[in-house]
Amino acid sequence: QAQLVESGGGLVQGGGSLRLSCAVSGRTLSGFTMAWFRQASGKEREFVATIIRNSVTTLYADSVKGRLTITRDNAKNTVYLQMDSLKPEDTAVYYCAGDPYLRPLGSRRATTSYGYWGQGTQVTVSS
């Protein structure tokens with residue numbers, strides 16, 4: 001079984017930056033498609049970004065394109081989410097997710113496409 005642990009969340013002013021990390025243990029990261037989701041208070045969990053196991057193909061939610069960047073370091077078994085130009089509406093708990101199976105890229109926006117989840121890290125952006 002894989003374990004996913006997020007870190008790097010915190011409080012930041014609007015326009016600022018944060019980098020989230022997701023450390024994977026128990027399985028080799030190179031065999032996983034990885035993603036970030038977020039859940040704001042009182043709202044459903046929503047897709048943010050995904051990176052396929054080839055480390056080249058990525059997919060982003062329209063709301064974060066050009067501001068958030070997902071990357072992975074298979075040697076370190078870690079996935080990152082670089083968050084720039086942050087807005088108050090980015091405030092949420094951010095979750096790392098992983099999946100070892102091959103699936104259509106479009107399906108990667110769904111929470112049901114991932115079998116492994118971290119515990120989440122809070123990101124708060126002040127105005």
Side-chain angles (χ1 to χ4, degrees):
Q1 294 294 323
Q3 289 80 44
L4 282 59
V5 179
E6 302 96 334
S7 61
L11 173 64
V12 63
Q13 282 192 331
S17 298
L18 280 176
R19 188 176 80 156
L20 306 184
S21 299
C22 174
V24 178
S25 61
R27 296 280 293 272
T28 302
L29 180 64
S30 60
F32 280 72
T33 290
M34 300 298 295
W36 289 93
F37 285 75
R38 66 187 182 187
Q39 188 166 16
S41 180
K43 296 187 177 181
E44 292 187 353
R45 193 168 299 188
E46 66 173 3
F47 169 77
V48 174
T50 189
I51 185 166
I52 308 305
R53 58 177 75 183
N54 64 11
S55 301
V56 175
T57 303
T58 57
L59 182 67
Y60 293 90
D62 289 344
S63 60
V64 306
K65 279 181 182 177
R67 301 187 300 114
L68 276 58
T69 304
I70 187 170
T71 58
R72 62 193 293 161
D73 186 336
N74 288 342
K76 294 184 178 180
N77 257 29
T78 302
V79 179
Y80 305 97
L81 185 67
Q82 177 65 41
M83 309 170 69
D84 299 316
S85 302
L86 283 164
K87 304 175 181 180
E89 51 264 44
D90 294 317
T91 296
V93 177
Y94 283 72
Y95 295 92
C96 177
D99 178 57
Y101 301 107
L102 295 175
R103 302 180 193 270
L105 184 60
S107 72
R108 290 300 180 184
R109 298 179 183 271
T111 57
T112 52
S113 290
Y114 301 89
Y116 297 94
W117 293 86
Q119 81 291 348
T121 185
Q122 176 71 47
V123 171
T124 303
V125 184
S126 63
S127 56

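Heavy-atom basis, side chains included; hydrogens, waters and symmetry copies ignored. This chain uses plain numbering: 1 for the first residue, then up along the sequence.
Atoms CG and OG1, on L4 and T78 in that order, are 10.0 Å from each other to the nearest 0.5 Å. Between the CG atom of N74 and the OG1 atom of T28 there is a distance of 9.0 Å, given to the nearest 0.5 Å. Atom CD1 of I52 is separated from atom OG1 of T33 by 4.0 Å, given to the nearest 0.5 angstrom. A distance of 14.0 Å separates NZ in K87 from OG in S127, rounded to the nearest 0.5 Å.
Salt bridge status for D62 with K65: present, with a side-chain N to carboxylate O gap under 4.0 Å.
Side-chain contact between E46 and R38 is present, with at least one heavy-atom pair separated by less than 4.5 Å. By the 4.5 Å heavy-atom criterion applied to side chains, Y80 and T69 are not counted as neighbours. Residues V12 and M83 fail the side-chain proximity criterion, which asks for heavy atoms closer than 4.5 Å. Between T91 and Q122 there is a side-chain heavy-atom pair separated by less than 4.5 Å.
Cation-pi geometry between R108 and Y114 is met: under 6.0 angstrom from the ring centre, within 45 degrees of the axis.
The two residues A2 and F32 have their closest heavy-atom pair at CB-CZ, 4.1 Å. Closest of all the heavy-atom pairs between S113 and D99 is O-CG, 3.1 Å. What you find for S17 and S85 is that their closest heavy atoms are OG-N, 4.4 Å. Residues S30 and R53 share a closest heavy-atom pair of O-CB, 3.4 Å. Residues R72 and L29 approach most closely at NH2-O, 2.7 Å, considering heavy atoms. Nearest heavy-atom pair, S21 versus W36, reported as atom, atom and distance to 0.1 Å: O-CH2, 3.7 Å.
Checked by atom type and distance alone, the side chain of N77 pairs as donor or acceptor with a backbone atom of V24 at under 3.5 Å. With Y60 contributing its side chain and I70 its backbone, the two residues share a donor-acceptor pair below 3.5 Å.
Applying the salt bridge (charged side-chain N to carboxylate O under 4.0 Å, His left out) test to residues at least two apart or on different chains, none of the pairs has a partner in residues 15-29.
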Item to check | Test log, rule side chain to side chain contact (heavy atoms under 4.5 Å, CB included), inputs E6 and L20 | outcome: CA-CA 7 Å; E6 302 96 334; L20 306 184; over 6 Å; no
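Under the side chain to side chain contact (heavy atoms under 4.5 Å, CB included) rule, L81 has a single partner from T71, L68, V123, which is L68.
Under a hydrophobic clustering in which Ile, Leu, Val, Met, Phe, Trp and Tyr are joined whenever their side-chain heavy atoms come within less than 4.5 Å, directly or via other members, V64 and F37 fall into different clusters. Residues L86 and V93 fall into different hydrophobic clusters, defined by Ile, Leu, Val, Met, Phe, Trp and Tyr side chains chained together at heavy-atom separations under 4.5 Å.
Between the side chains of Y95 and T111, no donor N or O sits under 3.5 Å from an acceptor N or O.
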